[in-house]
Amino acid sequence: MIDLPDDWPLPGEGQNSQTRSGGIAARAMAARGQQRAPDFVAGLNAEQRLAVETTEGPVLVLAGAGTGKTRVLTTRIAHILSSGKAWPSQILAVTFTNKAAREMKERIGLLVGEQIEGMPWLGTFHSIGVKMLRKHAELVGLKNTFTILDTDDQIRLLKQVIQAEGLDDKRWTAKTLAGLIDGWKNKALGPDAIPEGDARSFGNGKGRELYRAYQRRLIELNATDFGDLLLHPIAIFRNHADVLAEYHRRFRYILVDEYQDTNVAQYLWLRLLAQRPDGSDVNLCCVGDDDQSIYGWRGAEVDNILRFEKDFPGATVIRLERNYRSTEHILAAASSLIANNESRLGKTLFTDIADPDAERVKVHASWDSEEEARAIGEEIEALQTKGEKLNDIAILVRASFQMREFEERFVTLGLPYRVIGGPRFYERKEIRDAMAYFRVVAQPADDLAFERIVNVPKRGIGDTSVRLIHDTARARQCPMLQAAADLVGTDEVKGKTRSSLREVVENFRRWSQALESTPHVELAESILEESGYIDMWKADKSAEAAGRLDNLKELIEAMGEYESLRAFLEHVALVMDNSDDAEIDAVSVMTLHSAKGLEFDTVFLPGMEEGLFPHQRSMDEGGRAGLEEERRLAYVGVTRARRNLHIWFASNRRIHGLWQSTIPSRFVDELPEAHVEVMEASNSYGGYGAGGFGERGGYGASRFDRMEPFGSSYGSPGWQRAQRNKNDATRENWGGRSGMGVSSRVERIGYGEPEGGRRGRHIEGELVAKSVTDTPNRFSNGDRVFHLKFGNGTVAAVDGNKLTVDFDKAGQKRVLESFLNPPG
DNA sequence: GGAAAGTTTATTTTT
DNA sequence: TAAACTTTCC
């Protein structure tokens, strides 16, 4: 990926456009025999077909959920290629995520006949930005070896900048400033362009200076942050007409996926590329869904999509409303929900597939979040028994703290699940440390990386010495590595520190030399060995150490797939994907945000309560717009389901450690009654309100207490349900798993009393424990054991039927004996 | 340099 | 409540 001089004439592509041979387009045509226009559009509906065939002029495709958006996008590209309208290298296709880019590549490959490598300009905004910036880096004062900093580096750098300004970095945190700068960059504002008010609001009015100093430091470090990957190209386009003209000449078609998620910077970047000065604009096609815009808080401007027709006069707007994913009930639920939003272009999904057996959307109430998790767990087990694939089931939550309860439940049930989202591989400490070593080798000016690892492992180069190196470097305007090398020759550092530093400097010199000659995987291994980094973890006897060493091994292995160390570093900076192993059949648990673009047969939406969903904070901070974004998020959730949708709300939920009583989300009441089935509690007693236990004494006032029920809520499913269950709470049987029933009852009663919640919880643990204690312990200290979720481990302590186990991978956990087996 | 005690703060996340 | 982060103390 490191700059090739030029990449558009592809191997096999002739100069003469009449005699194409070997290119993708040509291959596609050949594959189709003599037919001029391959029949890609055959299986498309009229609107999709229009979206594919309207290749000229600005086009906005409003593609509702499940209407074949990706299919349109990929077919459109295939169509452009096969009809000879453009070479692969003349098409710019941008996505937001690497996953989407990858998927598009694959699908175009399938359409066109072969895995294509010929779409050099298909990628994420950022990866295309990097590509452009590597080519023209010097125009903004960078070298083309520049490093891409991630959020962590960014914050560390900002901290230094704040301190250098003589500000208190407690009062003015780097994190806050990072947020501000990100916001400015999303709007494409440089230090000189930010509003005065913004500039004054931070750091005793020094906001602007800090931003400026940060940008200066980035250039000195030969580094960019994510925002710069778009802002630098924008600056280049604006200041160097010749460069922009080159891209104008190159691109004939521009396609943008998820247009509703673009921010101002991305919009400007696109517009610069799409609008030629002579008015013969590049053909722009944006695909998106205003109803699925859920990233406003991250700078996305729904307005971009709402304004499209004004921005690009004469635009063709095509609506895709025919849904191929969900049942009519689910679509009706989605439509009725989203109809409550004001700012939208307006679409209504429909399906032609009549399914008389289709189940209505099911609304369930539960007493609290724990019961919610338990009941959903049971429902999933029932589905499993019926032969449903766990892979086709998902639990989508508003906030990640909700996931824990499900996880705990699933571990107990031994139900395989996978959490999507969560901490990424490349964010782990050991990986970042290793990467820091590699970064210094690849780019010696990377002071942030250098600082990170000069004293890792500990070599006696403490804060004082690091500061000295830092200050020396700043004074001489040279990289810290250089400054360190100079200092070694002086008396400014002494003793052990001096010899350690000499070794570090010497090591980096040697590794840098080896960079061009040694295979990069081999080099990486020696770096980690010779630096003592591997030994550091080998010597560490904490639970995680073994796992960290494994991760390092994995890192080195992953490296082998890239052609050079630099290519690998770039991959890590830009493609922080989580690989999910689809081979295992497991329930997916994830946030609604990460569910966008996915679909499942059965979807559970727990936590449908005012304050959680819609989230209180969105409403407080975003007002009406905030609420509408929450509703779009709910819409995204609903439209993920193909056949079954289960909506849950609990009457009580623990928020910041305090039990709060909650009321059903207004979104529940916005569902159409005809398509909803309010579920009776068959084996549990849900219900709204603490009414069954008399007054809500003991909990303290909930902030939801003051809220009025919404609209005509009394006739609504949520409310009816609530009324019915009000008084059932103490009666019903708990038909759960053996041993648990009793405990639940105890717990439930416990909740009725002030502070009973905690006690109930505790009691449950005890009871569960007792119910299985009859069998004598099968394991004792030091035994090797296997756990379905945590893998192999060694028993560290036995306490009744609860064992403390040091798992090789997962660390120390307390688990029930019954979930342990002998290894092997 | 590290353990212990105290303090703070609790959406959503990609690149 | 509980996890992350800071400060304090040896």
Side-chain angles (χ1 to χ4, degrees), chain A residues 94-101 123-131 133 148-155 169-170 173-175 178-179 182 185-186 224-231 257-258 261-263 265-266 269 293-300 369 396-405 420-424 426-427 455-464 542 570-578 590-597 607 611-622 626 629-630 632-634 636-637 653-660 755 757-758 761-762:
Chain A
V94 268
T95 63
F96 274 84
T97 64
N98 293 295
K99 200 177 155 203
T124 63
F125 277 99
H126 296 270
S127 66
I128 290 169
V130 178
K131 189 168 178 164
L133 193 52
I148 302 158
L149 301 187
D150 65 20
T151 327
D152 203 73
D153 299 313
Q154 194 189 353
I155 285 173
D169 64 328
K170 297 275 143 56
T173 66
K175 235 181 136 179
D182 270 353
K185 289 193 172 179
N186 285 154
T224 70
D225 61 15
F226 283 117
D228 287 345
L229 298 180
L230 285 166
L231 292 197
D257 191 16
E258 307 277 17
D261 286 338
T262 48
N263 61 32
Q266 286 154 344
W269 183 88
S293 158
I294 55 174
Y295 286 109
W297 51 275
R298 215 167 69 182
S369 51
L396 310 181
V397 297
R398 172 68 249 261
S400 46
F401 77 84
Q402 292 172 266
M403 297 198 279
R404 216 181 86 175
E405 231 150 0
I420 298 178
R424 295 120 182 273
Y426 291 111
E427 279 168 11
N455 202 31
V456 179
K458 301 253 182 312
R459 337 181 140 89
I461 306 169
D463 284 355
T464 329
S542 69
E570 181 143 315
H571 164 83
V572 173
L574 289 176
V575 191
M576 283 215 174
D577 282 20
N578 266 335
M590 68 187 99
T591 63
L592 285 150
H593 282 93
S594 32
K596 193 163 81 157
L612 176 58
F613 199 9
H615 201 279
Q616 193 61 43
R617 216 161 137 180
S618 302
M619 297 188 287
D620 291 348
E621 288 166 16
E629 183 156 312
E630 292 287 300
R632 290 194 291 267
L633 195 53
V636 167
R653 191 171 293 272
R654 196 159 47 182
I655 298 164
H656 309 333
L658 283 175
W659 283 96
Q660 308 261 247
E755 291 179 353
R758 219 174 306 132
R761 220 152 238 261
H762 189 63

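Scope of the values below: all heavy atoms of this structure, side chains included, with no hydrogens, waters or symmetry mates. Numbered from 1 within each chain, the chains take letters A, B, ... in sequence-line order.
Legend: residues meeting salt bridge (Lys or Arg N to Asp or Glu O under 4.0 Å) with A:E630, ordered by chain and number and at least two apart, are A:R398. Taking A:N186 as the reference, A:N263 meet the side chain to side chain contact (heavy atoms under 4.5 Å, CB included) condition, with sequence neighbours excluded. Under the side chain to side chain contact (heavy atoms under 4.5 Å, CB included) criterion, A:K175 pairs with A:I155, A:T173, not counting sequence neighbours. Residues satisfying the ring-ring contact (aromatic ring centres under 6.0 Å, His included) criterion with A:Y295, sequence neighbours excluded, are A:W297, A:H593. Partners of A:D150 according to the salt bridge (Lys or Arg N to Asp or Glu O under 4.0 Å) rule, which considers only residues two or more places apart in sequence or in another chain, are A:R432. Taking A:R653 as the reference, A:E372, A:E609 meet the salt bridge (Lys or Arg N to Asp or Glu O under 4.0 Å) condition, with sequence neighbours excluded. In this view, A:F613 and A:F667 satisfy the ring-ring contact (aromatic ring centres under 6.0 Å, His included) rule, not counting sequence neighbours.
Rounding to whole angstrom units, CD of residue A:Q616 and P of B:dA10 are separated by 15 Å. One atom, CD of A:Q154, and another, P of B:dT13, lie 18 Å apart when rounded to the nearest Å. Atom NE2 of A:H656 and atom P of B:dT8 are 16 Å apart (whole Å). Distance A:I655 CD1 to B:dT9 P: 19 Å, rounded to the nearest Å. Atom CG of A:L229 is separated from atom P of B:dT15 by 12 Å (rounded to the nearest Å). Computed from coordinates, the A:I294 CD1 to B:dT13 C1' distance equals 10 Å when rounded to whole Å. Rounded to a whole Å, the CG atom of A:N186 is 12 Å from the C1' atom of B:dT13.
Side-chain N/O atoms of A:S400 include one lying less than 4.0 angstrom from OP1 or OP2 on B:dT12.
Among B:dT15, B:dT12, B:dA10, the nucleotide with an atom closest to any side-chain atom of A:T591 is B:dT12. Out of B:dT13, B:dT15, B:dA10, the shortest distance to the side chain of A:T151 is found at B:dT15. When distances run from any side-chain atom of A:T97 to the nucleotides B:dT12, B:dT13, B:dT15, the shortest one goes to B:dT15. Among the nucleotides B:dT12, B:dT15, B:dG1, the one closest to the side chain of A:K458 is B:dG1. With B:dT15, B:dT12, B:dT13 as the choices, the nucleotide that has an atom nearest any side-chain atom of A:R298 turns out to be B:dT13.
The residue A:E630 sits close to a base: some heavy atom pair falls under 4.0 Å. Here A:F226 lies in heavy-atom contact (under 4.0 Å) with a base.
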Could you walk me through whether A:K185 and A:D225 pass salt bridge (charged side-chain N to carboxylate O under 4.0 Å, His left out), step by step? CA-CA 10 Å; A:K185 289 193 172 179; A:D225 61 15; 2.6 Å; yes
Contacts under 3.5 Å, N or O only, protein and nucleotides 8-10 of chain C:
none

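Taking for each of A:G460 and A:S594 the nucleotide of DNA chain B with the nearest heavy atom, the 5'-most of the two is the partner of A:G460. Between A:H593 and A:G462, the one whose closest nucleotide on DNA chain B sits nearer the 5' end is A:G462.
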Reading nucleotides 2-7 of chain C from 5' to 3' and marking B where a protein heavy atom lies under 4.0 Å of the base, S where only the sugar-phosphate is that close, and - otherwise, the string is SS---S
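Across C:dA3 and B:dT12, the matching P atoms stand 15 Å from one another, rounded to whole Å.
With contacts defined as side-chain heavy-atom distances shorter than 4.5 Å, the pair A:W269/A:I128 qualifies.
For CG of A:D463, the number of neighbouring non-hydrogen atoms (other residues, nucleotides, ligands) closer than 6.0 Å is 12 at most.
By the 5.5 Å and 30° criteria, A:W297 is stacked with the base of B:dT12.
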